[in-house]
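Here is the naming used below: chain letters follow the sequence lines, and residue numbers restart at 1 for every chain. Scope of the values below: all heavy atoms of this structure, side chains included, with no hydrogens, waters or symmetry mates.
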Protein chains: 2
Amino acid sequence: MTPGDIDSSEESAEDRIIARYFKPLARDPGAFGLIDDAAILTPPDGCDLVLKTDPIICGVHFFAEDSPDAIARKALRVNLSDLAGKGANPAGFLLALAIPADIGGDWLQAFAKGLGEDADHYGCPLLGGDTDRTPGPITVSITVIGTLPHGTIVRRRGAKVGDHVLVSGTVGDAALGLTLRRDVAAEQRWKLAGDFREHLTTRYLLPQPRNALAEAVRRYASAAMDISDGLVGDLAKLCRASGVSAEVEVKRVPLSAAAAAALVAEPGLIEPILTGGDDYEILCTVGADALEAFRGAAAAAGVSVTAIGRMTTVGKAARFLDASGGLLAFKRPSYSHF
Amino acid sequence: MTPGDIDSSEESAEDRIIARYFKPLARDPGAFGLIDDAAILTPPDGCDLVLKTDPIICGVHFFAEDSPDAIARKALRVNLSDLAGKGANPAGFLLALAIPADIGGDWLQAFAKGLGEDADHYGCPLLGGDTDRTPGPITVSITVIGTLPHGTIVRRRGAKVGDHVLVSGTVGDAALGLTLRRDVAAEQRWKLAGDFREHLTTRYLLPQPRNALAEAVRRYASAAMDISDGLVGDLAKLCRASGVSAEVEVKRVPLSAAAAAALVAEPGLIEPILTGGDDYEILCTVGADALEAFRGAAAAAGVSVTAIGRMTTVGKAARFLDASGGLLAFKRPSYSHF
């Protein structure tokens with residue numbers, strides 16, 4: 001090379017970041033090793049693609065002190081959860097990462113490691129992306145692409161009168177975990193013993209998307225979504241889309257031992273448990289004739305599911321009934337950024 | 001409805017923003033009217049999907065005082081340009097919009113209007129997305145999905161010794177336009193007459209992606225990419241990916257009348273013209289036997305293309321020769337955020 005030759009030795013710092021930290025993740029042939037400025041995906045014949053983008057922002061969706069590993073995993077998992085809620089299987093994702101000037105190599109290394117491990121675990125390869133400096137907070141924008149057989153997407157609409165309402169896992173843990181992060185007195189007030197605090201804060205930090213449940217949702221659910229803005233608000237959205245009202249018995253809503261203990265100490269926690277969001281569980285409706293088959297498929301997938309109520313009448317209301325059959329009212333039924 | 005009924009009248013402000021400003025854009029059936037939490041795309045049989053995400057951030061890629069209309073169009077167009085550079089046709093896009101608290105309805109209305117007009121113009125419908133508050137700057141993360149016949153993507157690699165190097169449109173306008181925005185003295189120093197200032201600043205504000213050229217690129221180019229980080233650095237990337245060196249005669253690089261006038265007044269501008277970026281033109285290589293066909297297809301598509309040099313030898317250097325055959329050297333061959 002002579003002076004005036006412009007070659008790879010003069011590649012930009014941005015290219016070096018991509019090559020060092022993200023290229024090792026981009027083993028899918030469609031990623032072209034991140035050498036090109038776009039990725040390729042060859043969809044299987046007869047499939048539909050399910051597309052979702054849900055960014056996470058420092059100070060909004062996670063704390064500045066959260067580990068880069070956890071930030072990366074959360075960024076991917078909140079999107080994977082949406083695929084699960086539609087009955088789709090992950091096919092790959094794009095990453096748009098905006099980082100402030102004080103983010104260095106150690107952070108990027110840990111971020112990429114967590115992201116790569118989750119990509120492998122969930123079978124969702126990195127296909128491409130972009131890295132920028134930002135004068136603002138760390139912003140991780142992931143777009144996931146899922147696939148399912150043509151015409152089999154499970155939507156929010158589709159629930160019918162008589163269908164059972166089911167949720168996966170447990171509800172409210174993440175909302176309580178977030179409160180524990182913000183309110184140092186909460187742990188004592190809730191009389192949390194043993195590892196209950198850690199259980200709740202981990203549920204906030206690291207969602208557990210129910211992708212294992214996707215096929216069961218696709219085969220048996222009449223309507224489905226993931227719970228990200230709280231059970232109450234999200235069920236109301238499902239009701240509205242389906243044109244059917246729901247009745248949920250609050251005592252049937254599955255709680256973790258930690259959430260149940262906190263609720264005994266502070267009964268008012270029922271509101272954040274049911275409305276706080278960040279659950280990343282599946283909310284779905286299943287016809288009475290498919291209920292046992294759905295339960296069996298969920299058990300085979302290793303995901304607990306709990307029937308919490310029924311779709312009752314034409315309408316669009318989600319009603320939550322206490323032990324005496326009274327209607328619960330909520331100050332703020334659904335999480336919103338605005 | 002009775003107290004305790006949770007229904008759509010209690011939908012969140014986020015849902016209202018989506019319903020008011022973005023639902024009118026989401027007319028594609030796969031968008032489900034933005035009611036669901038994911039979108040669907042049914043790919044044509046035998047196609048590959050081309051995927052790209054490239055966010056724009058206030059203070060990095062645009063100015064706070066830029067109109068919301070222009071911000072929206074730029075956010076979409078920088079991504080459309082990547083599809084054009086791969087020979088792909090737009091199929092749809094996802095929008096992840098993060099806005100600070102002081103952004104109100106008027107801004108969103110104008111943003112959505114510009115976005116919708118461009119989506120229609122380029123045939124690239126809004127399929128889904130997400131809206132968040134951010135404590136940081138406006139961040140618009142768009143992911144585009146394109147399609148092309150299976151196996152026909154045009155990559156950065158593929159250029160061969162003897163191929164012609166071509167660029168669309170004109171080079172350097174946006175870099176000069178950005179300087180005009182930052183340096184109030186530049187206009188006078190460059191002796192810009194008539195509408196030259198407006199031409200240059202508009203080229204920075206509103207990229208003109210060459211999607212009309214996509215089919216010609218797909219049919220005739222051996223390698224291609226869009227120029228976003230500057231001709232010099234991007235050609236070096238193409239050389240590196242292809243394993244071939246390039247020689248460009250600088251006098252053949254197409255300049256607008258405005259850029260040519262500025263260059264006469266200040267010869268040192270050749271560096272920002274060739275390295276400044278934000279061109280969003282197509283850089284491609286075409287074999288000698290396909291050159292006339294490519295020119296014809298470009299003319300039919302209404303896009304000017306100019307041959308500026310040849311791929312010369314095995315290697316990875318991009319050489320820029322001045323009128324006397326001397327090699328130009330550059331301080332910073334390629335735009336980088338880092």
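For chain B, no part of A:L235 is nearby; none of its heavy atoms comes within less than 4.5 Å. Using a 4.5 Å cut-off between heavy atoms, A:I57 touches chain B through its side chain atoms alone. Both the backbone and the side chain of A:T53 come within less than 4.5 Å of a heavy atom in chain B. With a threshold of 4.5 angstrom between heavy atoms, B:L95 approaches chain A through N, CA, C or O but not through any side-chain atom. Residue A:N79 does not touch chain B at all, counting heavy-atom pairs closer than 4.5 Å. For B:L127, the part lying near chain A is the side chain, with the backbone staying farther off; criterion is any non-hydrogen pair under 4.5 Å.
At a threshold of 4.0 Å, the pair A:D15-B:K237 counts as salt-bridged, since one of the basic side-chain nitrogens sits closer than that to a carboxylate oxygen.
For B:E271, the salt bridge (Lys or Arg N to Asp or Glu O under 4.0 Å) criterion is met by no residue, not counting sequence neighbours.
Between the side chain of A:T152 and the backbone N or O of A:L148 there is no donor-acceptor pair closer than 3.5 Å. Under the 3.5 Å distance criterion, the side-chain polar atoms of B:R240 are left unmatched by any main-chain donor or acceptor of B:K316. Within the 3.5 Å criterion, the main-chain N or O of B:V78 finds no donor-acceptor partner in the side chain of B:D54. At distances below 3.5 Å, not a single donor-acceptor pair connects side-chain atoms of A:R156 with backbone N or O atoms of B:D36.
When only modelled atom types and interatomic distance are considered, A:T42 and B:D48 share a side-chain donor-acceptor pair under 3.5 Å.
For the atom pair CZ of B:F32 and CD1 of A:I153, the computed distance is 4.0 Å after rounding to the nearest 0.5 Å. Taking SG of A:C239 as the reference point, atom CG of A:D234 lies at 11.0 Å (rounded to 0.5 Å).
When each of B:L49, B:L94, B:D226, B:D45 is scored by its heavy-atom pairs under 4.5 Å with chain A, the top score falls to B:L49. With chain A as the partner, the residue from B:P135, B:G59, B:A241 showing the most heavy-atom pairs under 4.5 Å is B:P135. Taking B:A101, B:G30, B:A39, B:G136 one by one and counting their heavy-atom pairs under 4.5 Å with chain A, the maximum is reached by B:A39. With chain B as partner, the option from A:K52, A:R155, A:H150, A:K86 having the largest number of non-hydrogen pairs under 4.5 angstrom is A:R155. The candidate with the highest count of non-hydrogen atom pairs below 4.5 Å against chain A, out of B:P43, B:G128, B:A38, is B:P43. Contact tally against chain A (heavy-atom pairs below 4.5 Å) for B:L83, B:L321, B:T139, B:T143: the top residue is B:T143. By number of non-hydrogen pairs under 4.5 angstrom with chain B, the leading residue of A:V144, A:L41, A:V50, A:I35 is A:L41.
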